[in-house]
**Student:** 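Let me give you the structure first, and then I'll get to my questions.
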Amino acid sequence: MDSQLKRTISALLLWLTSCITAQSEVFDISKYGATLNGDITQAMTNAWYDACASTTPSKVMIPKGIFKLNQIELKGPCISPIEVHVDGIIQAPQDPTQLNGDAQWIKFTYINFFTLSGRGTFDGQGAIAWKQNNCWKSNHCKKISMNFGFGFLNNTIIQGITSKDSKNFHVNVLGCNNITFTNFNIIAPATSPNTDGIHIGRSIHVNITNTNIATGDDCISLGDGSKQITVLNVTCGPGHGISVGSLGKYLNEEPVEGFTVKNCTLNNTDNGLRIKTWPSTLVTITVSDMHFEDIKMVNVKNPIIIDQEYCPWNQCTKEGPSKIKISKVTFKSIVGTSATQEGVILDCSSGVPCEDVVLSDIDLTFNGTIVATKLANVKPIMS
Ligand SMILES: *[C@@H]1O[C@H](CO)[C@@H](O)[C@H](O)[C@H]1NC(C)=O
Ligand SMILES: *[C@@H]1O[C@H](CO)[C@@H](O)[C@H](O)[C@H]1NC(C)=O
Ligand SMILES: *[C@@H]1O[C@H](CO)[C@@H](O)[C@H](O)[C@H]1NC(C)=O
Ligand SMILES: *[C@@H]1O[C@H](CO)[C@@H](O)[C@H](O)[C@H]1NC(C)=O
Ligand SMILES: *[C@@H]1O[C@H](CO)[C@@H](O)[C@H](O)[C@H]1NC(C)=O
Ligand SMILES: *[C@@H]1O[C@H](CO)[C@@H](O)[C@H](O)[C@H]1NC(C)=O
Ligand SMILES: *[C@@H]1O[C@H](CO)[C@@H](O)[C@H](O)[C@H]1NC(C)=O
């Protein structure tokens, strides 16, 4: 064999190997003009543009270090699977008005096969915004941006990263199909208003596993149209616990079905497992197949609560009962301590009573004694 042919064969073999291992092409933002402590909005936009057009799987890299980022939307569809890998600390502007009232600081939208990974932190620097926030008691308040908007994504994984001190909700999941959050961290002070952890709406097949959420509002909340949601191995606290709802405030809501919460700990939260609907609404959707199992409560204010007269700050009229029908709900093996004497409250609608509610292996104590159970418009099956 002559040496020319040998070289050609070995080059061919090398090419084949690289195809088989399918290394993703790396788009490092340092190559797009990003510098430490600098604003990377333009570099991210440009790196995303190239990575999204790549015909092979691509990876946008944000290296270690501190960077600043303004409002950004990274949009698909992309040609191939795409990953954003963050090892650095990315900071939002402190002044909320700099985000132009956009719903979210960082949006990832319309992508198939998207991964967000790394050990990095997205720091919303919310302290100034929290002082201005009155949205929790008023319907007419200034829009304050959330950290993340994950919109219309399919087959997505969010792993490893941390969302810190968001100005508003940390994460909003909307219109997604098959999205997994794993080894994800959320951190904000207990006193930060409206900093819900992960809010899900109009999405199907959402999994949240091995995640710690410490924040000032709901840990995980399900809005209308949430289906087949699984929460496994999650720790919440401080915060307001795991919530379905609130539902029934708006007219065009869709049903909520298929929610499994398993092997989770709620630690010092203001509510544990909660389903809340507004009274006297025209909405007639159903909430069904809600399963809560192997949950540990540590000093939780309302460990188990269904509240169909949810009406904070008198924002509603209590003229009639809720028309939202709740059925097929199980609370199984819920153990630990309650911070209030009424540990189990099932306050269902007098118009459409709850059906097929099972309470089994509930072992909750308040100050050393078994908690009280308050029931309205429901006949739970006890075992
Ligand atoms: C996601 O899946 C839905 C339903 O299959 C499809 O209509 C939509 O185009 C997909 N989105 C992307 C970005 O691939
Ligand atoms: C869900 O998305 C993950 C990550 O992209 C993918 O590996 C998996 O095959 C998807 N599952 C289904 C049922 O499509
Ligand atoms: C999400 O959880 C469900 C229920 O455990 C499981 O069937 C599904 O495969 C999980 N999806 C992913 C992408 O891990
Ligand atoms: C739950 O967490 C434990 C310890 O952190 C881990 O060993 C286990 O694999 C996790 N379970 C799942 C389903 O990921
Ligand atoms: C349940 O969670 C605990 C504590 O996080 C963990 O140690 C354990 O492995 C988990 N069990 C399963 C089955 O995932
Ligand atoms: C609850 O939180 C406290 C304070 O953060 C912590 O010391 C404790 O270990 C936690 N308990 C559990 C069971 O996670
Ligand atoms: C807790 O129990 C102790 C002893 O049984 C009692 O003296 C105390 O008043 C109780 N505290 C509350 C808040 O009920």
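Note that the structure is a prediction, hence the values are computed from the model and not measured. Values below: every heavy atom of this structure, side chains too, minus hydrogens, waters and symmetry copies. One-based numbering, in listed order, for ligands and for the atoms of each.
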**Student:** So which heavy atom in the protein is nearest atom 1 (C) of ligand 7, and how far is it from that ligand atom?
**Tutor:** N367 ND2, 1.3 Å
**Student:** With heavy atoms of T180 as the reference, note each atom of ligand 3 found under 4.0 Å away.
**Tutor:** 12 (C), 13 (C)
**Student:** Answer yes or no for atom 14 (O) of ligand 3: protein heavy atom present at a distance under 4.0 Å?
**Tutor:** yes
**Student:** Under 4.0 Å from atom 11 (N) of ligand 3, do we find at least one protein heavy atom?
**Tutor:** yes
**Student:** Considering both backbone and side-chain atoms of N267, is one of its nitrogen or oxygen atoms within less than 3.5 Å of a nitrogen or oxygen in ligand 6?
**Tutor:** yes
**Student:** Can you check whether C236 and C219 have SGs under 2.5 Å apart?
**Tutor:** yes
**Student:** How about K301: does its NZ atom have over 12 heavy atoms from other parts shown lying under 6.0 Å from it?
**Tutor:** no
**Student:** Using only atom types and a distance under 3.5 Å, with no angle test, would you say the side chain of T195 pairs donor to acceptor with the backbone of S192?
**Tutor:** yes
**Student:** From the options T230, V206, T182, N207, select the one whose nearest heavy atom is closest to atom 6 (C) of ligand 3.
**Tutor:** N207
**Student:** Just say parallel, tilted or perpendicular for the rings of F152 and Y110, cut-offs at 30° and 60°.
**Tutor:** parallel
**Student:** Is a side-chain N or O of K262 found less than 3.5 angstrom from the main chain of F292, in a donor-acceptor match?
**Tutor:** no
**Student:** Between K276 and L247, does a side chain to side chain contact (heavy atoms under 4.5 Å, CB included) hold up when you go through it step by step?
**Tutor:** CA-CA 7 Å; K276 52 183 175 180; L247 297 167; over 6 Å; no
**Student:** Nearest protein heavy atom to atom 4 (C) of ligand 6: under 4.0 Å?
**Tutor:** no
**Student:** Could you tell me whether N178 approaches ligand 3 through its side chain, its backbone, both or neither, with non-hydrogen atoms closer than 4.0 Å?
**Tutor:** side chain
